[in-house]
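This one's a predicted model, so the numbers in the text were calculated from it and none came from an experiment.
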Amino acid sequence: MNDLSEIYQRIAPELMKIVEERYLLLTHISYAHPVGRRMLAMLSKLSERVVRSHVEIMKDNGLIEFTQQGMILSKEGEELLPILSASLHELNKISELEQNICNALQLDRVIISSSGQERETILKDLGYRASKVLQEIIKPGQIMAVSGGSTMAAVAEALPTKNLPITIIPARGGIGERVEYQANVISSVIAEKFHGTYKMLHLPDGLSEASLRILTEMEPQIKEILMLSKQTNIMMFGIGEAMHMAEQRHISLEQRQKLKEEHAVGESLGQYCAIDGRIVYATNNVGISLSHIETIDHVVAVAGGKHKARAIIGVMRACKKGTLIIDESAAEEIAKLLSIL
C-alpha cells in the first residue's frame with residue numbers, strides 16, 4: 001500500500017488529500033444519513049464550497065445519492081467505504097510508525113519510503129524521497145555538505161535539473177570507494193543539476209594528526225573547505241555498518257577489534273557509534289563530523305535495509321536531530337529493536 005501512495009505522490013501530490021477528504025465525507029454520510037451539505041460541512045469541518053465540489057463528483061461516480069431529505073450512500077458507496085477504510089488504515093500505519101520512530105530517536109522528522117525487493121529499487125525510492133526533501137528546504141546562495149556512498153549517489157541522480165545557485169562541498173575527505181560514490185563526485189553531480197558551484201577535498205581518511213595539521217596549514221583549498229563547512233546550511237549524509245566501513249577504510253586489525261569490544265554498530269562522517277549513540281572511535285580527517293551537526297540548520301540522513309537498523313539507531317542517537325529517511329524494512333526492524341511497534 002505504501003508503494004501505491006508513493007506513486008500517487010509522484011503523479012499527483014494533491015491526490016491523497018482529496019481521497020482523505022472524500023473518505024471523511026462518505027463516513028459522515030454513512031453515520032448521519034440523510035444529511036444536507038451545510039450539516040456535512042459542519043461535521044467534516046470543511047468549507048461548504050469544498051463539500052459541494054466533492055459530493056457532486058461522488059454523485060456523478062455513483063457513490064452517493066441525493067434525496068429530498070439529504071444525501072445517502074448508494075449501494076456501491078456502501079461497498080466501497082470499508083475497502084477504502086482498510087486502505088487508509090494501512091497508510092496511516094506508516095505515518096504512525098514514522099512518528100513513533102521520530103519520538104523514540106528524538107528527531108525532527110522521519111520519512112519511510114517503499115522497501116521494494118531489489119537493492120536498486122530501494123536506493124531509487126530513497127533517492128527520490130531525499131531529493132524531494134532537499135528541494136523543500138534548499139534556497140539560493142546556501143551551502144550544502146554531502147557525504148559519499150551509494151545512497152548519496154542515488155539522491156544526486158534523483159534530483160531534477162533547475163537553476164538554483166548554491167555551493168556544494170564534500171563533508172569529509174574521500175575514502176577507498178568506487179569513484180562515483182565519493183563525496184567529491186557526488187558534490188559535482190548535485191552542483192551540475194542545480195547549476196551551482198562545488199569544491200573538492202582530496203584528502204583520504206587515516207592520516208596522522210601531524211600530517212593533517214601540516215596539510216591544513218599549507219593547502220588553501222583545504223582551508224577554504226574548512227571555512228565553508230562552518231557556514232554550512234544543509235548537511236546530507238548516509239549511514240554505514242561499522243565493521244563494513246572499517247574494512248573499507250582499511251582500519252587496522254587492532255582497531256577493528258577495539259570497535260568490536262566497544263560494540264560499534266554504525267558509522268557516519270568518519271565516526272563510529274554504539275547503539276546507545278556513544279561515539280567510540282573517530283578517524284583522522286577534516287570536514288564535518290557528527291559533533292558539528294548541532295550548528296547546522298537542516299540535517300538529513302538517508303539509509304535503507306533491515307541490516308542497517310542498528311547502525312541507523314546508533315548514528316541518529318549520536319546525531320540527535322534532523323530528518324531521517326529510511327525504507328520500510330529498516331523502519332520495521334528499528335521499531336522492533338526500540339520496542340515501539
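- Taking CG of Leu40 as the reference point, atom CE of Met71 lies at 4.5 Å (rounded to 0.5 Å).
- When the shell of 6.0 Å around CD of Glu294 is examined, it contains 12 or fewer heavy atoms from other residues, nucleotides or ligands.
- When all heavy atoms of Ser147 and Ala183 are compared, the closest pair comes out as C-CB, 3.8 Å.
- The CG atom of Leu290 sits 8.5 Å away from atom CE of Met235, with the distance rounded to the nearest 0.5 Å.
- The number of heavy atoms from other shown groups lying within 6.0 Å of CE (Met243) is above 12.
- A salt bridge does not link Arg109 to Glu98: none of the charged nitrogens lies less than 4.0 Å from a carboxylate oxygen.
- Between the OG atom in Ser289 and the CD1 atom in Ile279 there is a gap of 7.0 Å [rounded to 0.5 Å].
- Salt bridge absent: Glu333 and Lys308 never bring a charged side-chain N and a carboxylate O closer than 4.0 Å.
- By the neighbour-count criterion of 12 heavy atoms within 6.0 Å, atom CD of Glu192 is sparsely surrounded, having that number or fewer from other residues, nucleotides or ligands.
- Counting non-hydrogen atoms of other residues, nucleotides and ligands closer than 6.0 Å to CD of Gln106 gives a total of 12 or fewer.
- A cation-pi arrangement, defined by a distance under 6.0 Å to the six-membered ring centre and an angle within 45 degrees of its axis, is present between Lys59 and Phe66.
- Residues Ala330 and Ile312 come closest through the heavy atom pair CB-CD1, 4.2 Å.
- Distance check, rounded to the nearest 0.5 Å: CG of Asp125 to CD1 of Ile325 gives 12.0 Å.
- Of all the heavy atoms in Ile186 and Ala156, the pair that sits closest is CG2-CB, 4.1 Å.
- Applying the 6.0 Å contact sphere to CD of Glu254 captures no more than 12 heavy atoms from other residues, nucleotides or ligands.
- Under a 3.5 Å cut-off, the side chain of Asp276 and the backbone N or O of Arg278 do form a donor-acceptor pair.
- For the residue pair Ile296 and Thr232, the shortest heavy atom distance occurs at CG2-O, 3.9 Å.
- Atoms CE and CG, from Met236 and Leu134 in turn, are 4.5 Å apart once rounded to the nearest 0.5 Å.
- Using a 4.5 Å heavy-atom threshold, the side chains of Thr151 and Phe237 count as separate.
- More than 12 heavy atoms of other residues, nucleotides or ligands shown are found within 6.0 angstrom of NZ on Lys321.
- The local environment of CZ in Arg317 is crowded, with over 12 non-hydrogen atoms from other residues, nucleotides or ligands closer than 6.0 Å.
- Contact record, Leu73 with Ile29: N-CG2, 3.8 Å, taken as the closest heavy-atom pair.
- Taking SG of Cys273 as the start and CZ of Arg310 as the end, the distance is 14.5 Å to the nearest 0.5 Å.
- Hydrophobic cluster membership is shared by Met58 and Val50, with clusters built from Ile, Leu, Val, Met, Phe, Trp and Tyr side chains linked at under 4.5 angstrom.
- Note on Ile137 and Val302: same hydrophobic cluster, where clusters join Ile, Leu, Val, Met, Phe, Trp and Tyr whose side-chain heavy atoms are under 4.5 Å apart, directly or indirectly.
- In this structure, Glu157 contributes its side chain and Ala153 its backbone to no donor-acceptor pair below 3.5 Å.
- Under a hydrophobic clustering in which Ile, Leu, Val, Met, Phe, Trp and Tyr are joined whenever their side-chain heavy atoms come within less than 4.5 Å, directly or via other members, Val146 and Leu123 fall into different clusters.
- Taking 4.0 Å as the cut-off between side-chain N and carboxylate O, Lys45 and Glu21 do not count as a salt-bridged pair.
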